[in-house]
Amino acid sequence: MTLIDIFDPKARPTPIGIDLGTTNSLVARVRDGKPFVIDDCNGERLVPSVVHYDARGGTTVGHAAKRLAQAHPRETIVSVKRFMGRGADDPETRRLGPYEFMAPSTPEEAKSVRFQVRGRAVTPVEVSAELLKELRTSAERELRSVGPAVITVPAYFDDAQRQATKDAGRLAGLEVLRLLNEPTAAALAYGLDKQQNGLFAVYDLGGGTFDITVLLLDDGVFQVKSTGGDSALGGDDMDRALAGRLLAEMGVEGATEPEVVRLALDLARDVKHRLTESPAVEVEIPVAGSADATRQITVTRDEFDALVAPIVERTGVACRRALRDAGVQASELTGVILVGGSTRVPFVRSYVARIFGKEPLGDIDPDEVVALGAAIQADILAGSQERADEVLLLDVLPLSLGLETMGGVAEKILPRNTTIPTGARQTFTTYADNQTGFDLHIVQGEREMASDCRSLARFTLKGIPPMPAGLARLEVTFRVDADGLLSVTAKELTTGVEQKVEVKPSYGLTDEQVEEMLLAALDHGEEDLEQRRLVEGRVEADRVLLATRKALAADADLLEAGERERVEEAMTALEQAMKGTRAGVLQRRIEALDEATHGWAGRRMDRAVARAIAGRQVEDLESEVAHSKGVDQHVAEHRANAGGGG
Ligand code: ADP
Ligand code: MG
């Protein structure tokens, strides 16, 4: 009997979830309310994240590509995820693998790394699209009609990395419903959204990366409370440690010949996987100096544990830090979830239990858990399943977003760990008279000075009519959407002139860089703050001095006996303090000048009112008076960088 597939033409395409991993990728779907991983044509679930480019311009993806990697290292791209969202002149990329890169010839090209493969330029987005196409093909084989996709990304992925992932999805012909954080996907797979409220730690140890995330579940709403990790720590390190031991057994300790090292690494990975099941395994190793003689040795789990302990213990530092960032104690956690192939290693499981003080959840295959969660999310978003308990997913910003203001200070508009989607608005005013443009510089990072933060974008809001300093009102709105992408709108309120930029930064940040930036901010915290106060103090002092000089030119006749001397003394002292480096002194001198001009300012105000009655506009004069007092009338506002346009 022949079975004929009959499908309902009205049936909706099936939404899919994709885990686009550094080492392995996979695709899953929901059937009858339960998620399943979709096999490829060979019945394999994991597709190695490897793409090989052949001489005829074709590509091979997955296991077959992995086998070609050894013979064609430059034509075979592995771990492309590490290159996502990175700029062409990013020095980090040179250290990642044996690749050649194309030099950029336009600023547009400089926005992305381009591999030079057989004379052709290939971007990480294109490589990832090949992986996604492969997964889409597997899904099509099973589903016929593939619906929209949810693709997972690490929680620390920044704007550029998320944008690149979305672009790869579109390039692969997928409708990308949403990017979802990997740890959140894992929590969904465990059904934690339905079970209980609480705090969860997601411990993800993959092939070459370690990520730790603290999630808060509050009435079906997930929030990422903190993220951390190490972008150069994973199962590969275990392979290397064990390979070192095997090389010693072969009598070629410290060998560097690529074929020998490769063989030892392959043997090591195989031993590692078998040790997950058994307490001791036997392995045939070649004997040095003899072409085909082999020797059998036994590796016990205890020996293996001793070798990998220093590697695994490195994850503890990041775990404690993530707990601290989230402001929680390990004992407050409701559960710990294991993700990533390397969490199969029994020693890793016991270590995790030890540092968090409870047995971790690990009964869903840690390789599959992220893809399964992505499928559940896709299913919910596509509305193919009626669910009363709709899951809303919230994530947090890994680094603060802000604007450079006068004197190069970084004003944080959206602080780090703010839950997204989010938005914030702040009003700025002009610093110089007749300024017709505002230069806006958007930065990301924790340091107090903009030059120490990462530059995301610059733009100029033009077309503002000339106005006295302080009168133009610039409203800047930052908005971060559910995918973590930032858009910035600037609007001059008195004229309604408006401009919006979508921030697609040219550089990606790795979690390593995020970590570095955070550490630097901690290390420099006090210096930074002093530096910031000093810079702000100088800007303020400049303004106060300028306003006082203007007032002296206009209303010196209102000064009483001895008052002029006191004002001038205070001005000289302030000028002196501006040359120094002590913010506290500067602040006190500003206050002293304010004090010295206080009575005079009152008299100037009376005169201004009298003049206004005589027909002039009172606001103009009030504003002048306020300046001369050294007290900014826009107390709650901040001065935008008064650069160009003016
Ligand atoms: P990624 O998230 O980086 O794509 P994976 O989660 O797929 O990575 O993890 C891959 C790593 O898991 C590899 O180092 C692999 O050797 C390791 N791994 C897979 N299965 C096992 C096992 N049974 N025992 C020990 N390690 C394993
Ligand atoms: Mg993974």
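Counting convention: from 1, in listed order, for ligands and their atoms alike.
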Worksheet item: Which is it for Phe304 and Phe347 under the ring-ring contact (aromatic ring centres under 6.0 Å, His included) test, yes or no, and what are the steps along the way?
Response: CA-CA 9 Å; Phe304 175 74; Phe347 180 77; 8.5 Å; no

Kindly indicate whether the side chain of [X], heavy atoms from C-beta on, has any atom under 4.5 Å from the side chain of [Y].
X	Y	value
Ser138	Cys41	no
Leu215	Leu199	no
Arg82	Ser231	yes
Tyr99	Glu75	no

Worksheet item: Mind checking whether Tyr203 and Phe210 have ring centres under 6.0 Å apart?
Response: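 Between Phe210 and Tyr203, which both carry aromatic rings, the centre distance is below 6.0 Å.
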
Discussion item. Check whether Asn42 reaches the backbone of Glu44 with its side chain - one donor and one acceptor, N or O, closer than 3.5 Å.
Written reply: no

What I want to know is whether [X] and ligand 1 share at least one N or O pair that is separated by under 3.5 angstrom.
X	value
Asp204	no
Gly207	yes
Gly341	yes

How far is [atom] from the closest protein heavy atom, and which atom is that?
atom	answer
atom 20 (N) of ligand 1	Arg344 NH1, 3.0 Å
atom 2 (O) of ligand 1	Gly206 CA, 4.1 Å
atom 7 (O) of ligand 1	Asn24 ND2, 2.8 Å
atom 15 (C) of ligand 1	His273 NE2, 3.5 Å

Quick one: which ligand 1 atoms are inside 4.0 Å of a heavy atom on [X]?
X	result
Gly235	14 (O)
Thr22	3 (O), 4 (O)
Gly21	4 (O)
Gly340	6 (O)

Worksheet item: Got a sec: does the CD of Glu140 have more than 12 other heavy atoms crowding it under 6.0 Å?
Response: yes

Worksheet item: atom 22 (C) of ligand 1: which of Thr276, Asp367, Val369, Thr209 has the nearest heavy atom?
Response: Thr276

Practice prompt. Would you kindly specify which portion of Thr23 sits under 4.0 Å from ligand 1, judged on non-hydrogen atoms: side chain, backbone, both or neither?
Written response: both

Item to complete: Answer side chain, backbone, both or neither: which part of Arg269 comes under 4.0 Å from ligand 1, heavy atoms only.
Response: side chain

Worksheet entry | Lys/Arg N to Asp/Glu carboxylate O, Glu368 vs Arg45, below 4.0 Å |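 Judged by the 4.0 Å cut-off on N to carboxylate O distance, Glu368 and Arg45 do form a salt bridge.
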
Worksheet entry | Sidechain N-carboxylate O distance under 4.0 Å for Arg262, Glu259 | no

Discussion item. I'd like to know if Ser342 contacts ligand 1, where contact means a heavy-atom distance under 4.0 Å to any ligand atom.
Written reply: yes

